[in-house]
Amino acid sequence: MENQATPMAPAFSDADRAAVYQAIFNRRDVRGQFLPTPVPDDVLSRVLMAAHHAPSVGFMQPWNFLLVRSDEVKQRVHGIFDQANQEAAQMFPDGKREIYSKLKLQGILEAPISLCITCDRTRTGPVVIGRTHIPTMDLYSSVCAVQNLWLAARAEGLGVGWVSIFNETELQDALGIPHHIVPIAYLCIGYVSHFHDKPELEKAGWLPRLPIENLVYFEQWGATDSGQNEPLTTALRDMQADIQGPGIFPK
């Protein structure tokens, strides 16, 4: 009997694949370039729907999307950030503290839209497929929703900035979020004047991009390339050199 190869699911076209990688490698955490231009509802609906189609443990879809357009609410949230930011600055050693004090870490008042993505850990009951032994999987699911939205927003020409310097309980109270609901991400969203060519913290000298070959292990933790994986390691090293140098991204 003639052997027939199992058919393989098709990949995207070259152009579609390139667009996916373009969104990934050009995504930025935006803080200071927001424009007052309103975001049309059809654009906002697409990025929200992208977030809602993120993977979730046990298909529990634990997220909610709390939109904020009110200046009053934004001012309240900004005050919570400001207090936490002052506290955070004191946690760093002197050299880092000076850099930290110069960083703009939010666009709460400038962005037309704020969005809080949350996680309801009780949504489908106490026993969830895939969460039986790692209970934090629902939190990771909501983070996947954040990433889906972020990439879709970049494809739409929207900037997104993730603000995480908050006292969690104060943020919940400012937004009327019940305390059993976890605020995963407070995002500032809007059109921007430009996107930086590199992440702002990298450009500011806060931290460098780590070499990927130092982060990939084989078979066991800490086991680096033993020779048989040299082609992969070389490909990763060369790809990162292209990205960090001439700015050539995978397609």
Is there a side chain to side chain donor-acceptor pair (under 3.5 Å) between Gln86 and Asp82? Walk through the geometry before answering.
CA-CA 6 Å; Gln86 292 179 46; Asp82 192 51; 3.1 Å; yes
Would you find a donor on one side and an acceptor on the other, under 3.5 Å apart, between the side chain of Ser70 and the backbone of Val73?
yes
More than 12 heavy atoms of other residues, nucleotides or ligands under 6.0 Å from CZ of Phe249: is that the case?
yes
Minimum heavy-atom distance Arg123-Trp63, with the two atoms named:
NH1-O, 2.8 Å
Is a side-chain N or O of Glu213 found less than 3.5 angstrom from the main chain of Leu236, in a donor-acceptor match?
no
Go through it in stages, so that I can follow the logic: the residues are Val128 and Asp138, the test is side chain to side chain contact (heavy atoms under 4.5 Å, CB included), and I'd like the CA-CA distance, side-chain angles, deciding distance and then a yes or no.
CA-CA 9 Å; Val128 177; Asp138 50 6; over 6 Å; no
For Val143 and Ile184, which heavy atoms make the closest approach, and how far apart are they?
CG2-CG2, 3.9 Å
Salt bridge check: are Glu202 and Arg28 linked by an N-O gap of less than 4.0 Å?
no
Taking 4.0 angstrom as the limit, do Asp94 and Lys96 come out as a salt bridge?
no
Are Leu151 and Val146 connected in a single hydrophobic cluster, I mean Ile/Leu/Val/Met/Phe/Trp/Tyr linked by side-chain heavy atoms less than 4.5 Å apart?
no
Check this for me: Gln22, atom CD, are more than 12 non-hydrogen atoms of other residues, nucleotides or ligands nearer than 6.0 Å?
no
I'd like to know if the side chain of Arg31 reaches the main chain of Gly107, judged simply by a donor and an acceptor atom lying under 3.5 Å from each other, with no hydrogens or angles considered.
no
Ile134 vs Val57, test: side chain to side chain contact (heavy atoms under 4.5 Å, CB included). Steps then yes/no.
CA-CA 10 Å; Ile134 305 179; Val57 65; over 6 Å; no
Any donor and acceptor pair, going by atom type alone, linking the side chain of Asn148 with main-chain N or O of Ala50 inside 3.5 Å?
yes
Using a cut-off of 6.0 Å, state whether more than 12 heavy atoms not belonging to Lys251 lie near its atom NZ.
no
Donor-acceptor pair, Ser142 side chain versus Thr118 backbone, under 3.5 Å?
yes
ILVMFWY network linking Tyr191 to Phe34, side-chain heavy atoms under 4.5 angstrom
no
Any side-chain donor near an acceptor of the partner, Asp16 and Ser13, under 3.5 Å
yes
Of all heavy-atom pairs linking Phe218 and Thr224, the shortest is CD1-C, 3.9 Å
Specify whether His196 and His194 have parallel, tilted or perpendicular ring planes, treating 30° as the upper limit for parallel and 60° as the lower limit for perpendicular.
perpendicular
Is there a side-chain contact between Leu207 and Leu201 (heavy atoms, below 4.5 Å)?
no
Carboxylate-amine/guanidinium contact Lys203 Asp197, below 4.0 Å:
yes
Check whether the ring centres of Tyr186 and Phe166 lie less than 6.0 Å apart, and answer yes or no.
yes
Any side-chain to backbone donor/acceptor pair from Lys74 onto Ala111? Under 3.5 Å, distance only.
yes
Does Asp173 reach the side chain of His179, with side-chain heavy atoms less than 4.5 Å apart?
yes
Given the options Ile189, Leu158, Ile24, Asp29, Trp150 meets side-chain contact (heavy atoms from CB on, under 4.5 Å) only with Asp29
Take a 6.0 Å sphere around CZ of Arg209 and say whether it holds more than 12 heavy atoms from other residues, nucleotides or ligands.
no
If we ignore hydrogens and angles and just use 3.5 Å, is the side chain of Arg121 paired with the main-chain N or O of Pro62 as donor and acceptor?
no
With side chain to side chain contact (heavy atoms under 4.5 Å, CB included) as the criterion, how do Lys104 and Gln33 come out once you've worked through the C-alpha distance, each side chain's angles and the decisive distance to 0.1 Å?
CA-CA 11 Å; Lys104 181 171 176 57; Gln33 306 99 257; over 6 Å; no
Would you kindly confirm whether Val160 and Phe81 end up in one hydrophobic cluster when ILVMFWY residues are joined by side chain heavy atoms under 4.5 Å apart?
no
N/O donor-acceptor pair under 3.5 Å between Arg27 side chain and Ala152 backbone
no
Work out which heavy atom in Pro250 is nearest to a heavy atom in Met239; give both atom names and the distance.
CG-SD, 3.4 Å
Return yes if some donor-acceptor pair links the side-chain N/O of Asn229 with the main-chain N/O of Leu232 below 3.5 Å, else return no.
no
With side chain to side chain contact (heavy atoms under 4.5 Å, CB included) as the criterion, how do Val163 and Cys188 come out once you've worked through the C-alpha distance, each side chain's angles and the decisive distance to 0.1 Å?
CA-CA 8 Å; Val163 188; Cys188 305; 3.7 Å; yes
Heavy atoms from other residues, nucleotides or ligands near CD of Glu219 exceed 12 (cutoff 6.0 Å):
no
Any donor and acceptor pair, going by atom type alone, linking the side chain of Gln106 with main-chain N or O of Trp162 inside 3.5 Å?
no
Would you say CZ of Phe195 has more than 12 non-hydrogen atoms from neighbouring residues, nucleotides or ligands within 6.0 angstrom?
yes
Salt bridge present between Arg69 and Asp41 (N-O < 4.0 angstrom):
yes
Of all residues at least two apart in sequence or in a different chain, which pass the salt bridge (charged side-chain N to carboxylate O under 4.0 Å, His left out) check with Glu72?
Arg76
Report the C-alpha distance between Gln83 and Glu87 in whole Å, list the side-chain angles of each, state the deciding distance to 0.1 Å, and finish with yes or no for side chain to side chain donor-acceptor pair (under 3.5 Å).
CA-CA 6 Å; Gln83 176 61 40; Glu87 295 169 356; 3.0 Å; yes
Does Val43 belong to the same Ile/Leu/Val/Met/Phe/Trp/Tyr cluster as Ile117, with side-chain heavy atoms less than 4.5 Å apart forming each link?
yes
Just checking Ile248: does its CD1 atom have more than 12 heavy atoms from other residues, nucleotides or ligands closer to it than 6.0 angstrom?
yes
